[in-house]
Amino acid sequence: MNQDELLVIIEKIYEAATDTSRWPVVLQTIADAFGAQDASLSAVSPVAVPWLVAPRTDPSFLQSYGQHYHPLNLFWDRMTRVPVGTAVTDRMVLRQETLRASQFYNEWSRPQSYLSVMGATLLVEDQWRFEFVVPGKNAFGPEQIKLYDALAPHLKRAVQLTHRLQSAELDRAYSHGALDSLDRGMLMVDSRARVLFANQAAKKSFNAGLKVVDGVLCGTKPSETARLHLAIADPFNNGGCNEIAISRDSDRAPLSLTVIPLRHRVEWIARQEQAAIVFVSDPEDIAGQRHQVLQQQFGLTRAEAALVEEMLKGGDMPDVAARLGIAPATARTHLHRIFRKTRTTRQSELVHLALSPGRGSGGA
């Protein structure tokens with residue numbers, strides 16, 4: 001192989017490092033360069049094979065290798081005993097009669113005409129061994145070892161980059177999954193208020209107070225948007241915590257936004273100048289959750305829970321009854337039942353109970 005051909009392969013290796021979908025094509029090019037039937041990359045432990053790319057190997061054989069044959073692979077066992085980065089052939093580490101008598105050779109390798117093999121451990125990281133292996137019909141020798149030595153540093157760097165990018169993406173997926181499970185809305189924005197991430201609860205607030213215009217987080221009114229953008233651009237103002245009210249329709253309580261600066265580096269948004277977290281609180285959601293808890297914990301009816309929720313807004317009992325559209329006598333009847341179920345005796349005690357996180361012990 002001449003220098004130009006080698007450089008083309010190296011270029012393709014680095015392209016695959018950041019786009020894993022390219023590895024199958026790159027490995028086939030490498031297999032041809034080695035005069036092999038296939039070329040594979042894998043991440044393995046003594047008992048597991050979580051990542052294996054071998055584009056020309058039958059998928060059913062790949063599956064059986066990960067599920068059963070990997071621990072039986074004598075060549076892999078011998079390869080792990082040589083220094084990391086050192087390429088070996090089967091003839092260098094195994095007696096041929098031992099290899100050919102093995103279950104792995106007879107049940108997995110020979111049916112695919114993989115009669116000879118060479119490979120190396122590219123690196124060991126996070127308790128995984130990253131392996132490069134080429135199987136073929138003919139024995140491998142010094143020429144293939146020399147080719148491996150030329151490609152090895154680049155394969156190592158590329159596989160290392162692939163591994164780290166995949167790990168970062170996995171971390172990101174888990175983080176996003178955890179954030180999506182939160183009941184409270186949460187957004188991550190850059191210094192220009194561009195939305196980098198919004199969990200499911202936050203997305204419910206879009207077009208219901210909050211808006212995203214050309215990717216930028218905005219409020220209902222220009223004045224609210226200006227205050228929000230100022231808080232995001234200078235999140236350390238007011239002690240690094242800013243409360244912004246975002247109005248909604250006249251009959252709905254405003255959203256409450258809390259802007260908090262991200263003080264720690266976040267790898268997947270490191271390209272951004274600055275980032276902040278915006279928490280979104282919807283009083284209606286809070287009221288709805290409290291409504292459910294009152295019903296479940298104390299056995300209140302919907303009407304009784306609604307009365308407690310309205311009492312939290314203030315006013316005497318006739319005012320509360322008027323807002324609910326019921327007679328004062330009906331409101332007082334509900335209140336007496338609520339007192340009995342919650343084991344309280346005064347309205348102030350009931351209000352304190354409804355607002356307390358633990359809410360005491362319920363049940364009539």
Side-chain angles (χ1 to χ4, degrees), residues 1-44 49 51-66 69-70 73-76 78-79 82 84-94 96 99-100 104-105 107-123 129-163 165-166:
M1 172 174 291
N2 62 43
Q3 189 69 15
D4 289 340
E5 292 172 330
L6 182 63
L7 290 174
V8 169
I9 293 179
I10 292 172
E11 182 181 358
K12 292 181 181 296
I13 287 172
Y14 284 115
E15 288 175 353
T18 55
D19 182 358
T20 56
S21 66
R22 299 190 180 193
W23 274 122
V25 173
V26 175
L27 288 171
Q28 291 182 69
T29 302
I30 293 174
D32 292 340
F34 276 86
Q37 290 170 267
D38 202 358
S40 71
L41 285 173
S42 61
V44 301
V49 186
W51 183 59
L52 174 59
V53 183
R56 291 176 178 169
T57 297
D58 187 296
S60 63
F61 276 85
L62 286 181
Q63 184 177 13
S64 67
Y65 182 82
Y69 286 104
H70 172 59
N73 185 347
L74 294 183
F75 176 71
W76 180 83
R78 300 299 194 276
M79 193 170 68
V82 301
V84 172
T86 303
V88 292
T89 68
D90 52 0
R91 296 173 185 271
M92 294 168 63
V93 294
L94 275 169
Q96 289 303 291
L99 176 65
R100 284 171 167 69
F104 174 76
Y105 179 84
E107 295 181 5
W108 198 89
S109 296
R110 193 169 66 175
Q112 301 181 84
S113 297
Y114 292 170
L115 307 182
S116 185
V117 64
M118 72 166 285
T121 300
L122 295 171
L123 69 146
R129 301 182 70 90
F130 292 85
E131 316 282 11
F132 169 73
V133 174
V134 286
K137 290 183 178 180
N138 303 312
F140 296 100
E143 184 178 345
Q144 285 80 23
I145 296 290
K146 182 179 179 181
L147 177 57
Y148 166 78
D149 289 340
L151 294 177
H154 310 288
L155 281 168
K156 176 182 177 180
R157 293 190 194 103
V159 169
Q160 196 169 40
L161 180 57
T162 293
H163 171 57
L165 288 174
Q166 288 181 331

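We use all heavy atoms of the structure for the numbers below, so side chains are in, but hydrogens, waters and symmetry mates are not.
A heavy-atom distance below 4.5 Å is found between the side chains of Y148 and F132. Side chains of V93 and F75 form a contact here, defined as non-hydrogen atoms less than 4.5 Å apart. V133 has its side chain within reach of V117: a pair of non-hydrogen atoms, C-beta onward, lies under 4.5 Å apart. By the 4.5 Å heavy-atom criterion applied to side chains, Q96 and L99 are counted as neighbours. Proximity of W23 to T162: side-chain heavy atoms (C-beta onward) are separated by under 4.5 Å at one or more points. The shortest distance between side-chain heavy atoms of D90 and M118 does not fall below 4.5 Å. Between W51 and V53 there is a side-chain heavy-atom pair separated by less than 4.5 Å. Side-chain contact between L122 and L41 is present, with heavy atoms from C-beta onward closer than 4.5 Å.
The minimum heavy-atom distance between P55 and Q28, with the atom names listed, is CG-CG, 3.6 Å. Looking at every heavy atom in both residues, I13 comes nearest to A158 through CG2-CB, 3.5 Å. What you find for N138 and S116 is that their closest heavy atoms are O-CB, 3.3 Å. The nearest pair of heavy atoms linking F140 to A36 is CZ-CB, 3.9 Å. The two residues M79 and G119 have their closest heavy-atom pair at SD-C, 3.3 Å. The shortest non-hydrogen separation linking V134 to A39 is CG1-CB, 3.6 Å.
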#### Entry: Verdict with reasoning, V44 to L52, per side-chain contact (heavy atoms from CB on, under 4.5 Å)
CA-CA 8 Å; V44 301; L52 174 59; over 6 Å; no

### Query
Which is it for L6 and L147 under the side-chain contact (heavy atoms from CB on, under 4.5 Å) test, yes or no, and what are the steps along the way?
CA-CA 9 Å; L6 182 63; L147 177 57; 4.1 Å; yes

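At distances below 3.5 Å, at least one donor-acceptor pair connects side-chain atoms of T29 with backbone N or O atoms of V25. Looking only at distances, no side-chain donor or acceptor of Q112 sits under 3.5 Å from a matching main-chain atom of S109.
Under the 4.0 Å criterion applied to side-chain N and carboxylate O atoms, D32 and R56 are assigned as salt-bridge partners.
Side-chain N/O atoms of Y114 and T57 include a donor and acceptor closer than 3.5 Å. Under the 3.5 Å distance criterion, with hydrogens and angles disregarded, a donor-acceptor pair is assigned to the side chains of E107 and Y69. Side-chain contact of S42 with E131: a donor-acceptor pair under 3.5 Å is absent, judged by distance alone. Checking N73 against Y105 by side-chain atom types alone, no donor-acceptor pair falls below 3.5 Å.
Within the structure, every pair that satisfies the side chain to side chain donor-acceptor pair (under 3.5 Å) test and touches residues 149-160, not counting sequence neighbours, is listed here: Y14-H154, Y14-R157, E125-Q160.
Counting non-hydrogen atoms of other residues, nucleotides and ligands closer than 6.0 Å to CD of E143 gives a total of 12 or fewer.
Of the inter-residue distances, the one linking I9 atom CD1 with K12 atom NZ reads 9.0 Å to the nearest 0.5 angstrom. Rounding to the nearest 0.5 angstrom, the gap separating the CD atom in Q144 from the CZ atom in F34 is 7.5 Å.
Ring geometry for F61 versus W108: interplanar angle over 60°, hence perpendicular rather than tilted (30 to 60°).
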